[in-house]
Amino acid sequence: MRILVCVKRVPAPGAKIVLTPDAQDIDASLLGFAISPHEECAVEEAVRIVEREGGSVTVLTLGPPEAEEQLRAAVAVGATSMVLLPSDIPDWDPVSTSAALVSAIARLEEEQGEPFGLVMFGNESADSGGFQVGIRAARSLGRPMVTGIKGIDAEGDSIAARRETPSGWELYRLPLPAVVGVKEGINLPRYPTLKGRMAARRAPVETMEPVAGSSGQSKVMLMTPPDAGSAVEILGEGPEAVPAIVDIMESLGLV
Amino acid sequence: MSFLYLVEHDRGRIDETTLGGITGARILAESLGAELHAVVIGAGAASAAGGLDAYGAEQVHLVSHPLLTDYGPDAWGESLFQLAGSVGAGAVIATGTDRGNEVMAQVGARADLAMVANCLEIEPDGDDWLMTRVRWGGSLHERARLSAPVKLVTLAPHSTEAAATGQPAAGTVAEFTPELGESDTVTMVVDRVTVSEGITLATAPVVVSGGRGVGSAEAFDIIEELAGLLGGAVGCSRVVTNNGWKNHKFQVGQTGTVVAPDLYVACGISGAIQHWVGMMNAKNVLAINIDRDAPMVTKADWAVIADLHQVVPAISAEITRRRTLAAESG
Ligand SMILES: Cc1cc2nc3c(=O)[nH]c(=O)nc-3n(C[C@H](O)[C@H](O)[C@H](O)COP(=O)(O)OP(=O)(O)OC[C@H]3O[C@@H](n4cnc5c(N)ncnc54)[C@H](O)[C@@H]3O)c2cc1C
Ligand SMILES: Nc1ncnc2c1ncn2[C@@H]1O[C@H](COP(=O)(O)O)[C@@H](O)[C@H]1O
């Protein structure tokens, strides 16, 4: 199966999020970057499907030129080709993001003469969390789409997809070509091998110019939520603290 | 003008976030001089609709069609889109659950309008709305502006506490039959599997959670023993999942499960922001960590600065000792 996965580059903040002075962005000057976690699992799932059934995995991102790093990370774990839509505009709204991705997908499909059997998204992007880019893209492509997917079985010309609910699983069956939004936990992504990393370094990146649109939704500023601020009580520095701990558990009615 | 609130239900059983959501939607409608209408779609709608007027729904739209046999994002999205057009709704609102966000995005795609997910606060600014919305799973807020002829939003789950109005609204019921075809049912639920677990992580009163500091899959035995003694569930950090020490279903955090137990015991977890947003609503937090300056320690209620491999088994032993004593004397 020919699969395309849309991945987003996101900063990886640690204990605290620090904003830029104009409050327009996360201060990422000291941070690393990663593929947004749900999409990392989408890449892994795509690679596994292709390892079983044959085919190819194309990764596509809209982001700064540095997002090439995340595309190469996907190739290092088995993706076959990568496409970058470079843009210096930091915050694309979901409508414009979807439009840019769809026009790239349409061009790739035209060049290759057939649609991708499966287009995969993350359930939501880790940073902006709009919960919609994939759904909008699927609508534009005229393909069925289900989000929150934590299990996929390819079954010839359709896929069976599972979504977790509080009481178990909901099952969906989508005819191909289809679109899914994947959640972390669908699999355990592999680490890249040395060979994979070497290959990724040499692999070519195709670039296409994205066209920015606009939708009515715009960011005004970012804010860090107020800290609850607790004054921690240190109970001790070793097993001698244990009676105090169990006293607390007792007072909470747990012992 | 009317605002529509999508009632989330599964074959007639309303979702636990619904009454809080409809309360938030009603407060918003009141502040903007709009009438709040509830929308209940598909099989089981009638039973899910009961009592919604007590939360301020002036009208309930029961949406039915022979093809609306179960949940499906296209079928629900298309139905809600058509209803919003037919009543000339000024806003369509849902709660930001898996289904709520999914259906509202479907409506947005059909209407070609923006949809703003997981809002905490909304205020008008002329014809626009200014909202505070959740980013990074809650560790960051965004101030956003929405200019659109019809406002499509979801409210962050649990952002408003459910409150009946005291005075049930007039509560008229209107039936609506959308035009649906086979293409709208392609994404419908085709089957279900029920898995019954004992204590689930999401609802456990106590969670004993382990991070990188636990060191190995085998060493999780001591975490499990303590969780068992406390009648709680085991949790873990993403490092633990990535290392394959525990399955992802145990992961707490932004991309794992969100928990709100009476007591959260964090063993060898540093307290990265993406972990913290998954457990920040715990009533009490006990951190066990060798690093006095770890964020989990500084933000906890109580902390022990020590090796968890010594402390955790000693806690289990002390609980067992006290219980044995109590049983002997009792
Ligand atoms: C977009 C995104 C989403 C994410 N989602 C999640 C999520 O859902 N959940 C999640 O957990 N993380 C998530 N993360 C990862 C997160 O940023 C951290 O990397 C992770 O939580 C760290 O796990 P940890 O605390 O176990 O490990 P570390 O940060 O390495 O901390 C280990 C801690 O153990 C202590 N320690 C070591 N040895 C001992 C010992 N013997 N006894 C006691 N203490 C000891 C150390 O002092 C340290 O504080 C996400 C990251 C990103 C970028
Ligand atoms: N800039 C981007 N480049 C590629 N894919 C993206 C981008 N933004 C969002 N996506 C995809 O759309 C999904 C949903 O994003 P969102 O609607 O922002 O929550 C993400 O999980 C990604 O798979």
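Note that these values count all heavy atoms, side chains included, but never hydrogens, waters or copies made by symmetry.
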**Prompt:** Should B/Cys267 and B/Val208 be marked as a side-chain contact (heavy atoms from CB on, under 4.5 Å) after you check the CA-CA gap, both sets of side-chain angles, and the distance that decides it?
**Reply:** CA-CA 8 Å; B/Cys267 310; B/Val208 183; 4.2 Å; yes
**Request:** Check step by step if side-chain contact (heavy atoms from CB on, under 4.5 Å) holds for A/Gln132 and A/Thr97.
**Result:** CA-CA 10 Å; A/Gln132 56 188 283; A/Thr97 305; over 6 Å; no
**Message:** Evaluate B/Arg143 against A/Leu222 for side-chain contact (heavy atoms from CB on, under 4.5 Å), listing each step before the verdict.
**Reply:** CA-CA 6 Å; B/Arg143 196 95 171 118; A/Leu222 299 177; over 6 Å; no
**Asked** Between A/Glu39 and A/Lys8, is a salt bridge (Lys or Arg N to Asp or Glu O under 4.0 Å) present by the stated rule, with each step listed?
**Response** CA-CA 8 Å; A/Glu39 293 124 68; A/Lys8 187 174 185 187; over 6 Å; no
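With respect to chain B, the highest number of heavy-atom pairs below 4.5 Å among A/Pro37, A/Gly129, A/Gly148 belongs to A/Pro37. Most heavy-atom pairs under 4.5 Å with chain A: of the set B/Ala303, B/Ala117, B/Ser147, this distinction falls to B/Ala303. In terms of non-hydrogen atom pairs under 4.5 Å with chain A, the most contact-rich of B/Gln310, B/Met296, B/Arg292 is B/Arg292. When each of B/Val265, B/Val312, B/Leu113, B/Asp74 is checked for heavy-atom pairs under 4.5 Å with chain A, B/Leu113 comes out on top. For the set A/Pro13, A/Gly238, A/Ser215, the entry with the most heavy-atom pairs within less than 4.5 Å of chain B is A/Pro13. Chosen from A/Ala241, A/Ser218, A/Pro239, A/Ser98, the residue pairing most often with chain B at heavy-atom distances under 4.5 Å is A/Ser218. For the options A/Ala244, A/Ala161, A/Pro225, A/Pro144, heavy-atom pairs under 4.5 Å to chain B are most numerous at A/Pro225. The residue among A/Asp93, A/Ile26, A/Asn123 with the most heavy atom pairs within less than 4.5 Å of chain B is A/Ile26. Considering only heavy-atom pairs separated by less than 4.5 Å from chain A, the leading option among B/Ser139, B/Pro295, B/Gly271, B/Ser270 is B/Ser139. Taking chain B as the reference chain and counting heavy-atom pairs below 4.5 Å, the highest number among A/Thr165, A/Thr224, A/Leu171 is found for A/Leu171. Of all the listed residues (B/Asp128, B/Asp262, B/Leu263, B/Ile290), the one sharing the greatest number of non-hydrogen pairs under 4.5 Å with chain A is B/Leu263. By number of non-hydrogen pairs under 4.5 angstrom with chain A, the leading residue of B/Arg192, B/Met280, B/Met104 is B/Arg192.
Formation of a donor-acceptor pair under 3.5 Å by the A/Lys150 side chain with backbone atoms of A/Gly185 is not found in this model. Remark: the backbone N or O of B/Gly100 is paired with a side-chain donor or acceptor of B/Thr97 at under 3.5 angstrom. A donor-acceptor pair under 3.5 Å is formed between the side chain of A/Ser140 and the backbone N or O of A/Arg136. Side-chain N or O atoms of A/Arg163 include one that pairs as donor or acceptor with a backbone N or O of A/Thr147 at under 3.5 Å. A donor-acceptor distance shorter than 3.5 angstrom exists from the side chain of B/Gln254 to the backbone of A/Ala126, with no hydrogens or angles considered. Here the side chain of A/Thr20 pairs a donor or acceptor atom with the backbone of A/Asp25 at under 3.5 angstrom. Side chain of B/Thr324 to backbone of B/Thr320: a donor-acceptor contact under 3.5 angstrom is found.
With A/Phe33 as the aromatic partner, A/Arg9 meets the cation-pi criteria of under 6.0 angstrom to the ring centre and within 45 degrees of the ring axis. In this structure, B/Arg99 satisfies the cation-pi test against B/Tyr71, with its NZ or CZ atom closer than 6.0 Å to the six-membered ring centre and inside 45 degrees of the ring normal.
B/His141 is not listed as a side-chain neighbour of B/Arg133, based on a closest heavy-atom distance of 4.5 Å or more. At least one side-chain heavy atom of B/Leu229 sits under 4.5 Å from a side-chain heavy atom of B/Arg323. Side-chain contact between A/Ile135 and B/Glu102 is present, with heavy atoms from C-beta onward closer than 4.5 Å.
Looking at B/Asn118, the atoms closer than 4.5 Å to chain A (heavy atoms on both sides) all sit in the side chain, from C-beta outward. Interface remark: A/Arg162 contributes no atoms to any contact with chain B (heavy atom separation under 4.5 Å). Residue A/Glu240 does not touch chain B at all, counting heavy-atom pairs closer than 4.5 Å. Contacts of A/Ile186 with chain B are absent, with no heavy-atom separation under 4.5 Å from either backbone or side chain. Both the backbone and the side chain of B/Thr255 come within less than 4.5 Å of a heavy atom of chain A. With a 4.5 Å cut-off on non-hydrogen atoms, A/Pro243 touches chain B through its backbone and its side chain both. Interface residue A/Leu188: only side-chain heavy atoms are found under 4.5 Å from chain B. Only the side chain of B/Val206 comes within less than 4.5 Å of a heavy atom in chain A; its backbone stays farther off. Interface remark: A/Asp247 contributes backbone and side-chain atoms alike to the contact with chain B (heavy atom separation under 4.5 Å). Looking at B/Ala148, neither its backbone nor its side chain comes within 4.5 Å of chain A, counting heavy atoms on both sides. The contact between B/Arg145 and chain A is made by backbone and side chain atoms together, counting heavy-atom distances below 4.5 Å. Proximity to chain A is absent for every atom of B/Asp307, based on heavy atoms less than 4.5 angstrom apart. For A/Arg139, the part lying under 4.5 angstrom from a heavy atom of chain B is the side chain only. In this structure, chain A has a heavy atom under 4.5 Å from the side chain of B/Leu286, while its backbone stays farther away. At a 4.5 Å heavy-atom cutoff, B/Leu120 makes no contact with chain A through either its backbone or its side chain. Using a 4.5 Å cut-off between heavy atoms, B/Val285 does not touch chain A at all. There is no contact between A/Gln24 and chain B, counting heavy-atom distances below 4.5 Å.
Contacts of residues 244-253 of chain B with chain A at a heavy-atom distance below 4.5 Å involve B/Gly244, B/His248, B/Gln251, listed in sequence order.
Rounding to the nearest 0.5 Å places CD1 of A/Ile159 at 5.5 Å from CD1 of A/Ile152.
Side-chain atoms of A/Glu45 and A/Asn187 form a donor-acceptor pair, as typed in the model, at a separation below 3.5 Å. In this model, no donor atom of one side chain and acceptor atom of the other lie less than 3.5 Å apart for B/Glu142 and B/Thr132.
Heavy-atom neighbours of A/Asp157 CG from other residues, nucleotides or ligands within 6.0 Å: at or below the threshold of 12.
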